[in-house]
Amino acid sequence: MSNYVEMWKDLGMDLDTHDQLCQVLPTAFGDVYLSQENRPEGMGFWDFVVSEIHGIRPSELIEAQKKGQKVFGTFCVYVPDEVVIAANGIVTGLCGGSQFWVPGGEKVLPKSTCPLIKASVGARLDRTCPFFRIADMYVGETTCDGKKKAWEILGKDVPMYIMDVPQMKREKDIQKWAEEIAAFAKEVEKFTGNEITVEKLNEAIRTINEKRQAMARVFAATKGSNLPISGKDRLLMTQIAFFDDPSRCAQMCNKLADELEQRNRDGVSVFPAGTKRILLTGTPLAIPNWKLHHIIETSGAAVVCEEMCTGTRYFENLVDETQTTLEGQFRALSERYMKNNCACFTPNTGRIDDILRLAKEYQVDGVIDVNLKFCCLYDTEGYTVEKALKEAGIPVLGIETDYTDTDAEQLRTRIGAFIELLK
């Protein structure tokens, strides 16, 4: 990525420290991804994006800024991309999936904060993530206490807007979220200088719905007994989707889905017949966190689905496209986003329902419940998840981990034993 050095300089990045990351990432990606055999040709697009992860998309964002567009950096699947797009803004994800950034976050956060939050703050403060440097505004939300405090730190030198996510799912909570989306829309209009109209919001809703439908096609390809793509590759597609242009993402996902569906017709699989099928559930796996998928899929099993924010929560459920007023559209957006079953909600029986439904849809042999260390919400909910799965007769393994590799062999031993149990 040497062609982007001048761009990184202009962004005020710490080039020496950033070079360390650039030297490590290709090797890690090669070991995890390029070592796979018989990968779908359609994965070439995502391989290319990762090879230029801090270059090609950042350069597109900067060119858009030169033309007057505003870039909004987001952290969570509850932030409605549709609102930003309707105001001719651009949404991008922000870095937060590597141990590389954690020490920077620990300079200002307790070590007992989850690694995702520490990595995000470290990526910003240490000036090693171009997306954090480019974003004109950060959009946070109140899905956990650690994030709430992180927003106070990140908002000191970049405009920060925080959306207040309800903690229950009653009718008045759905209405409250609709009002919160409406308030966010007003802020986006003010920040971009562009009015959000019914027509523009309808177009944005269709754009994001098309992206969701395209991603759903890729996931659906692993519902049958044939497995035309690895869980690692599907995870990579999902991780990049948070950063990419939504229309291009939909196009490339549909292209990949076409290939996978043909592979299924031809009986082309990337795993031997009889490979045990695993559903992952729990905390999100931000790029480049590929550790668990790699361990599972080099231990004799396949990850066929993720009930995570970097999984089905990101694309399931479409926004109603028939509304003819902004008020109706905000309500439709609220109804769709409130169907996401984050562990921040109480009660959260909807997540249990999702896990049991997905386990059946994807014909899984077992479930691995993943908790990032110090994430109290998912850690606490793990008891309920495991209880429900055991009652349903579905084998389950609970795992707590972080971004380091120090527990890799221990995890491989536990996961390997779990897979043997399934056999």
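Scope of the values below: all heavy atoms of this structure, side chains included, with no hydrogens, waters or symmetry mates.
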Take Arg212 and Val319 through the side-chain contact (heavy atoms from CB on, under 4.5 Å) test and state the conclusion after the steps.
CA-CA 10 Å; Arg212 292 185 181 115; Val319 179; 3.7 Å; yes
With no hydrogens and no angle check, is any side-chain donor or acceptor of Asp369 less than 3.5 Å from a backbone partner on Gly398?
no
Test side-chain contact (heavy atoms from CB on, under 4.5 Å) on Thr312 and Cys305 and set out the steps.
CA-CA 8 Å; Thr312 55; Cys305 182; 3.6 Å; yes
May I ask you to check whether over 12 heavy atoms, not counting those of Lys148, lie within 6.0 Å of atom NZ?
yes
Could you walk me through whether Glu41 and Arg263 pass salt bridge (charged side-chain N to carboxylate O under 4.0 Å, His left out), step by step?
CA-CA 11 Å; Glu41 292 182 6; Arg263 280 185 156 213; over 6 Å; no
Output the distance between atom CG (Asp379) and atom CD (Glu400), rounded to the nearest 0.5 Å.
5.5 Å
Side-chain (Thr142) to main-chain (Val165) donor-acceptor, under 3.5 angstrom:
yes
Which of parallel (below 30°), tilted (30 to 60°) and perpendicular (above 60°) describes Trp177 and Tyr78?
perpendicular
NZ/Lys169: more than 12 non-hydrogen atoms of other groups inside 6.0 Å:
yes
Is there a donor-acceptor contact under 3.5 Å linking the side chains of Trp101 and Ser120?
no
Side chain Tyr4, main chain Glu52, donor-acceptor under 3.5 Å
no
Do Gln36 and Ser230 pair up side chain to side chain, a donor and an acceptor below 3.5 Å, judged on atom types alone?
yes
Output yes when Glu187 and Lys190 qualify as a salt bridge under the 4.0 Å nitrogen-oxygen rule, no when they do not.
no
If you look at every heavy atom in Ala343 and Asn348, which pair is closest and at what distance?
CA-ND2, 3.7 Å
Going through the checks in order, is the salt bridge (charged side-chain N to carboxylate O under 4.0 Å, His left out) test met by Glu60 and Arg57?
CA-CA 5 Å; Glu60 290 180 347; Arg57 185 56 176 161; 2.7 Å; yes
Ser247 side chain reached by Thr207 side chain, heavy atoms, under 4.5 Å
yes
Look at the side chain of Glu297 and the backbone N and O of Lys232, then say whether any donor-acceptor pair between them is shorter than 3.5 Å.
yes
Using a 3.5 Å distance criterion without hydrogens, assess whether the side chain of Thr238 forms a donor-acceptor pair with backbone atoms of Arg234.
yes
What distance do Thr401 atom OG1 and Arg414 atom CZ have between them, rounded to the nearest 0.5 Å?
10.0 Å
Is the distance between the ring centroids of Phe100 and Tyr403 under 6.0 Å?
no
Could you walk me through whether Lys70 and Gln65 pass the side-chain contact (heavy atoms from CB on, under 4.5 Å) test, one step at a time?
CA-CA 6 Å; Lys70 296 293 186 182; Gln65 285 175 323; over 6 Å; no
Does Lys118 reach the main-chain N or O of Gly104 with its side chain, forming a donor-acceptor pair under 3.5 Å?
no
Any side-chain heavy-atom pair from Asp126 and Asp14 closer than 4.5 angstrom?
no
More than 12 heavy atoms from other groups under 6.0 Å of CD on Gln262:
yes
Can a salt bridge be assigned to the pair Glu63 and Lys66 using a cut-off of 4.0 Å between side-chain N and carboxylate O?
yes
Indicate yes or no for a side-chain donor-acceptor contact from Asp266 to the backbone of Val268 under 3.5 Å, with no hydrogens or angles considered.
no
Tell me whether Asp320 is salt-bridged to Arg331, with the criterion being a basic N under 4.0 Å from an acidic carboxylate O.
no
Can a donor-acceptor pair be found between the side chains of Glu327 and Thr325 at a distance below 3.5 Å?
no
Residue that, paired with Phe191, satisfies ring pair (Phe, Tyr, Trp, His ring centres under 6.0 Å) out of Phe72, Phe184, Tyr161, Tyr138:
Phe72
Would you mind reporting whether Val158 and Met137 have side-chain heavy atoms less than 4.5 Å apart?
no
Would you say NZ of Lys200 has more than 12 non-hydrogen atoms from neighbouring residues, nucleotides or ligands within 6.0 angstrom?
yes
Supply the atom-to-atom distance Met252 CE to Met43 CE, rounded to the nearest 0.5 angstrom.
10.0 Å
Kindly check if the number of other-residue, nucleotide or ligand heavy atoms within 6.0 Å of CD (Gln175) is above 12?
yes
What's the shortest heavy-atom distance between Ala119 and Gly97, and which atoms?
CB-N, 4.5 Å
Apply side-chain contact (heavy atoms from CB on, under 4.5 Å) to Val49 and Asp244, showing your working.
CA-CA 9 Å; Val49 173; Asp244 197 19; 5.8 Å; no
Heavy-atom closest contact (Cys144 atom, Leu377 atom, distance):
CB-CD1, 3.9 Å
Where is the tightest heavy-atom contact between Ile419 and Gly300, given as atom of each residue plus distance?
CG2-O, 4.1 Å
Charged N to carboxylate O under 4.0 angstrom, Lys147 versus Glu152?
no
Hey, does the side chain of Arg133 reach the backbone of Met13 with a donor-acceptor pair shorter than 3.5 angstrom?
no
Nearest heavy atoms of Phe219 and Gly311, plus distance in Å
CZ-CA, 4.1 Å
Answer yes or no: is there a donor N or O on one side and an acceptor on the other, between the side chain of Arg336 and the main chain of Asn317, under 3.5 Å?
yes
Check this for me: does any side-chain nitrogen of one of Lys339 and Glu335 sit under 4.0 Å from a carboxylate oxygen of the other?
no
For Gln239, which of Trp290, Trp46, Tyr314 qualifies under side-chain hydrogen bond (donor to acceptor under 3.5 Å, both in side chains)?
Trp290
Is Glu361 paired with Lys223 through a side-chain N to carboxylate O contact shorter than 4.0 Å?
yes
Quick one about Thr17 and Arg127 (side-chain donor to acceptor, distance below 3.5 Å, no hydrogens or angles considered), yes or no?
no
Between Asn340 and Cys342, is there a side-chain heavy-atom distance shorter than 4.5 Å?
no
Return yes if some donor-acceptor pair links the side-chain N/O of Ser299 with the main-chain N/O of Ile295 below 3.5 Å, else return no.
yes
Strictly below 4.0 Å, N to O, side chains only: are Arg39 and Asp47 in salt-bridge contact?
yes
Stepwise salt bridge (charged side-chain N to carboxylate O under 4.0 Å, His left out) check, Arg351 with Asp354:
CA-CA 5 Å; Arg351 182 175 167 226; Asp354 280 347; over 6 Å; no
By salt bridge (Lys or Arg N to Asp or Glu O under 4.0 Å), Asp365 pairs with (sequence neighbours left out) none
Please determine whether a side-chain nitrogen of the Lys or Arg among Lys373 and Asp407 lies less than 4.0 Å from a carboxylate oxygen of the Asp or Glu.
no
Minimal heavy-atom distance between Pro40 and Leu256, with the atoms involved, is CB-CD1, 3.9 Å
